[in-house]
Protein chains: 2
Amino acid sequence: MVNTLHGRNYEQTELGPRLKPCAPHDVLSRMGDKWTILTLLLLAIAPGHRLRFSAIKNGIEGITQRMLTVTLRHLERDGFLVRHYFPEVPPRVEYELTDMGSSLLPALEGFTGWIREHWPLIEEARRTFDEEHHRRAGGK
Amino acid sequence: MVNTLHGRNYEQTELGPRLKPCAPHDVLSRMGDKWTILTLLLLAIAPGHRLRFSAIKNGIEGITQRMLTVTLRHLERDGFLVRHYFPEVPPRVEYELTDMGSSLLPALEGFTGWIREHWPLIEEARRTFDEEHHRRAGGK
DNA sequence: CGGAATCCTTTCAGATACTG
DNA sequence: CAGTATCTGAAAGGATTCCG
């Protein structure tokens with residue numbers, strides 16, 4: 001028998017509930033990668049929710065051309081943005097948030113707010129843990 | 001000059017805002033990993049927010065002993081749960097959510113709700129994209 | 001300008017074996 | 001029972017080069 005809990009499938013066994021990895025996980029893992037949210041955020045605050053490639057690259061400290069391309073392709077594939085290609089010389093490409101794309105960040109706000117609130121506690125917990133386990137500097 | 005936007009630091013340049021990777025990112029990336037949320041969820045629905053190692057292992061389909069240990073250590077380090085060790089033979093270890101740990105999932109609910117709502121659109125966007133780019137089956 | 005292709009290094013995760 | 005240690009293959013991320 002399969003039930004649903006917090007939107008996740010699980011089966012009830014004689015030992016208790018048993019959870020399965022579920023589909024929406026990969027949206028969350030995408031948001032957890034290094035550049036995705038920064039990219040979305042930059043587009044979200046841009047006029048018209050639209051920027052050209054070099055503007056995005058310029059707006060994110062440390063991102064390489066390759067990683068930006070990869071990130072943009074993922075976002076395009078999932079329908080969070082659309083790519084507008086202008087075959088001029090030199091070529092120009094603009095990326096524009098879709099409606100779904102712009103609705104994502106506000107939905108995430110609640111959680112990022114929680115993180116900001118609790119961040120000091122987390123850092124303190126890490127320091128305590130690292131001391132007790134005699135780790136040398138910033139273990140993972 | 002450094003400002004804050006959606007809780008993120010950025011500097012204002014003559015070319016526009018420039019975002020930096022920020023600290024809270026690593027909480028999000030932890031939640032995006034394969035087992036963390038499942039582990040938290042299982043503890044959250046357990047009586048007393050408390051389970052022993054083998055019970056958790058049993059409750060998550062496909063997790064290995066090693067990955068559960070790693071996941072639990074991370075969560076412990078960040079202060080989301082505490083480890084109770086009973087030096088019996090055979091040994092017994094129980095993991096218990098902290099208050100911070102139990103407050104995390106509800107905070108995430110808004111976003112997981114958004115994901116569930118939009119999941120069909122995302123899947124459709126992927127199909128369309130993959131067709132247009134003549135990809136064979138489930139590109140990344 | 002905006003990539004794609006390639007190479008390389010680091011990290012991650014699964015499998016397996018051993019231990020207090 | 002609840003780990004740790006070790007190995008391996010896979011994946012992520014950066015650097016560099018080339019191209020329409």
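Predicted model, so just to flag it, every value in this text is computed and none were measured. We name chains A, B, ... by the order of the sequence lines, and we start the count at 1 in each one. Hydrogens, waters and symmetry mates are skipped; everything else that's a heavy atom, side chains included, is used.
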Find the distance B:D26:CG to C:dC12:P and express it as a whole number of Å.
12 Å
Nearest to the side chain of A:F53 - C:dG2, C:dG14, D:dA2?
C:dG2
Spacing between A:I63 atom CD1 and D:dG13 atom P, to the nearest angstrom
10 Å
Between atom CG in B:D33 and atom C1' in D:dA12, what is the gap in whole Å?
15 Å
Can you check the A:E94 CD to C:dG3 C1' distance for me, whole Å?
16 Å
Nucleotide of C:dG2, D:dA15, D:dG3 approaching A:T64 most closely (side-chain heavy atoms)
D:dA15
Quick one: the side chain of A:R66 and the base of D:dT17, do they pair up donor-acceptor inside 3.5 Å?
no
Quick one: does A:L108's side chain get under 4.5 Å of B:W114's, heavy atoms only?
no
Look at all strands and tell whether A:Y95 reaches a base, only sugar-phosphate, or nothing, counting heavy atoms closer than 4.0 Å.
sugar-phosphate
So A:Q65, base contact, sugar-phosphate only, or nothing? Heavy-atom distance under 4.0 Å.
base
Send over the distance from B:M67 CE to C:dC12 C1', rounded to a whole Å.
7 Å
Checking D:dG3, D:dG14, C:dG3 against the side chain of A:T69 (C-beta onward), the nearest is C:dG3
Considering non-hydrogen atoms only, spot the tightest contact between A:A46 and A:L51 and give its length.
CB-CG, 3.5 Å
Could you check which of C:dA15, D:dG14, D:dG20 has an atom nearest any side-chain atom of A:P91?
D:dG20
For the pair made of CZ in A:R73 and P in D:dG13, what is the distance, rounded to whole Å?
17 Å
Winner on side-chain proximity to A:R52, out of D:dG14, C:dG3, C:dG2, is C:dG2
Whole angstroms only, please: what is the CH2-C1' distance between B:W35 and C:dA13?
10 Å
So which nucleotide from D:dC1, C:dG2, D:dG14 ends up closest to the side chain of B:P90?
D:dC1
Given A:H84, which partner from the list A:E96, A:E94, A:R92 fulfils the side chain to side chain donor-acceptor pair (under 3.5 Å) test?
A:E96
Within the supplied structure, the quantity of interest is the number of heavy atoms (other residues, nucleotides, ligands) at a distance under 6.0 Å from B:E61 CD; does it exceed 12?
yes
Can a donor-acceptor pair be found, under 3.5 Å and without considering hydrogens, that links the side chain of A:T98 to the backbone of A:F80?
yes
Side chain of A:K34: nearest nucleotide among D:dG14, C:dG2, C:dG14?
D:dG14
What is the separation between atom CG on A:N58 and atom C1' on C:dG2, rounded to the nearest whole Å?
14 Å
